[in-house]
Amino acid sequence: QVQLVESGGGLVQAGGSLSVSCVASGRTFSSYAMGWFRQTPGKEREFVSAIRWSGGVTYYADSVKGRFFISRDSAKNTMYLQMNSLKPEDTAVYYCAANPTGSMVALTNFYTRWGQGTQVTVSS
């Protein structure tokens, strides 16, 4: 059973940086793509970034391109999202998710396993 556990959220001032992590367990992920999504109350879950576990190809939403950086450590089965130049509109619960097809997509229905989420709050 695939399990994803996020950590590292918190409160940061606008312009600051924060990193969130996602530890994956339950199988090998070499054929997977892994993604980060975010959600605020009353809104749909929004794609942030994705990475192909094998090869490390990355994909970003336009809203975070150049500010956020996704990476993974295969030996630790851990994915990271480094968030820089944070804005109040980045405030959300951030979720990691696993996509067994390995395709680099922003659609939530490709991602079959989700973590519990971690809150990121950016104050103005």
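Computed from heavy atoms alone, side chains included, the values below leave out hydrogens, waters and symmetry copies.
Counting all heavy atoms, side chain and backbone alike, Val120 lies closest to Gly9 at CG2-CA, 4.1 Å. Residues Ala97 and Leu4 share a closest heavy-atom pair of CA-CD1, 3.7 Å.
Both Val57 and Tyr59 belong to a common hydrophobic cluster when Ile, Leu, Val, Met, Phe, Trp and Tyr are linked at side-chain heavy-atom distances under 4.5 angstrom.
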Name each donor-acceptor pair under 3.5 Å that joins a side chain in residues 28-36 to protein atoms two or more places apart or in another chain, with its distance.
none

Kindly list each side-chain donor-acceptor pair under 3.5 angstrom involving residues 85-92, sequence neighbours excluded, with atom names and distances?
| residue | atom | partner | partner atom | Å |
| --- | --- | --- | --- | --- |
| Asp90 | OD1 | Arg38 | NH1 | 2.9 |
| Asp90 | OD1 | Arg67 | NH2 | 3.0 |
| Asp90 | OD2 | Arg67 | NH1 | 2.8 |
| Asp90 | OD2 | Arg67 | NH2 | 3.4 |
| Asp90 | OD2 | Lys87 | N | 2.8 |
| Thr91 | OG1 | Pro88 | O | 2.9 |
| Thr91 | OG1 | Val122 | N | 2.8 |
| Thr91 | OG1 | Val122 | O | 3.4 |

**Item:** Derivation of the side chain to side chain contact (heavy atoms under 4.5 Å, CB included) call for Glu6 and Val20
**Value:** CA-CA 7 Å; Glu6 302 97 334; Val20 290; 6.0 Å; no
**Message:** Apply side chain to side chain contact (heavy atoms under 4.5 Å, CB included) to residues Thr108 and Trp114 and explain how you reach the verdict.
**Reply:** CA-CA 10 Å; Thr108 56; Trp114 295 82; 4.0 Å; yes
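Annotation: the span from Leu18 atom CG to Thr118 atom OG1 amounts to 8.0 Å, rounded to 0.5 Å. Note that OG1 of Thr40 and CD of Gln119 are 9.5 Å apart. Values are rounded to the nearest 0.5 Å. Annotation: the span from Leu107 atom CG to Phe47 atom CZ amounts to 9.5 Å, rounded to 0.5 Å. Between Met83 atom CE and Ser49 atom OG the span is 11.5 Å, to the nearest 0.5 Å. Here the straight-line distance linking atom OH of Tyr94 with atom OG of Ser7 works out to 15.0 Å at 0.5 Å rounding.
At least one donor-acceptor pair closer than 3.5 Å links the side chain of Tyr60 to the backbone N or O of Ile70. Listed for the Asn77 side chain is a donor-acceptor partner under 3.5 Å among the backbone atoms of Ala24. Gln1 places no side-chain N or O within 3.5 Å of a backbone atom of Gly26 that could act as its donor or acceptor partner.
Applying the side-chain hydrogen bond (donor to acceptor under 3.5 Å, both in side chains) rule to Gln3 yields no partners; only residues at least two apart in sequence or on another chain are considered. Tyr111 pairs by the ring-ring contact (aromatic ring centres under 6.0 Å, His included) definition with Phe37, not counting sequence neighbours. Ser103 meets the side chain to side chain contact (heavy atoms under 4.5 Å, CB included) test with Asn99, Thr101, Val105, Phe110; sequence neighbours excluded. Residues satisfying the ring-ring contact (aromatic ring centres under 6.0 Å, His included) test with Tyr95, not counting sequence neighbours, are none. Applying the side chain to side chain contact (heavy atoms under 4.5 Å, CB included) test to Ser74 and every residue at least two apart in sequence or in another chain returns Trp53, Arg72. Looking at residues two or more places apart in sequence or on another chain, you find a side-chain hydrogen bond (donor to acceptor under 3.5 Å, both in side chains) between Ser17 and Asn84.
Within the structure, disulfide (SG to SG under 2.5 Å) pairs that include any residue of residues 22-99 comprise Cys22-Cys96 (at least two apart or interchain). Pairs engaging residues 50-64 under the salt bridge (charged side-chain N to carboxylate O under 4.0 Å, His left out) rule: Asp62-Lys65 [sequence neighbours left out]. Under the salt bridge (charged side-chain N to carboxylate O under 4.0 Å, His left out) criterion, no residue pair touches residues 93-120, with sequence neighbours excluded. The list of disulfide (SG to SG under 2.5 Å) pairs with a residue in residues 36-70, not counting sequence neighbours, is empty.
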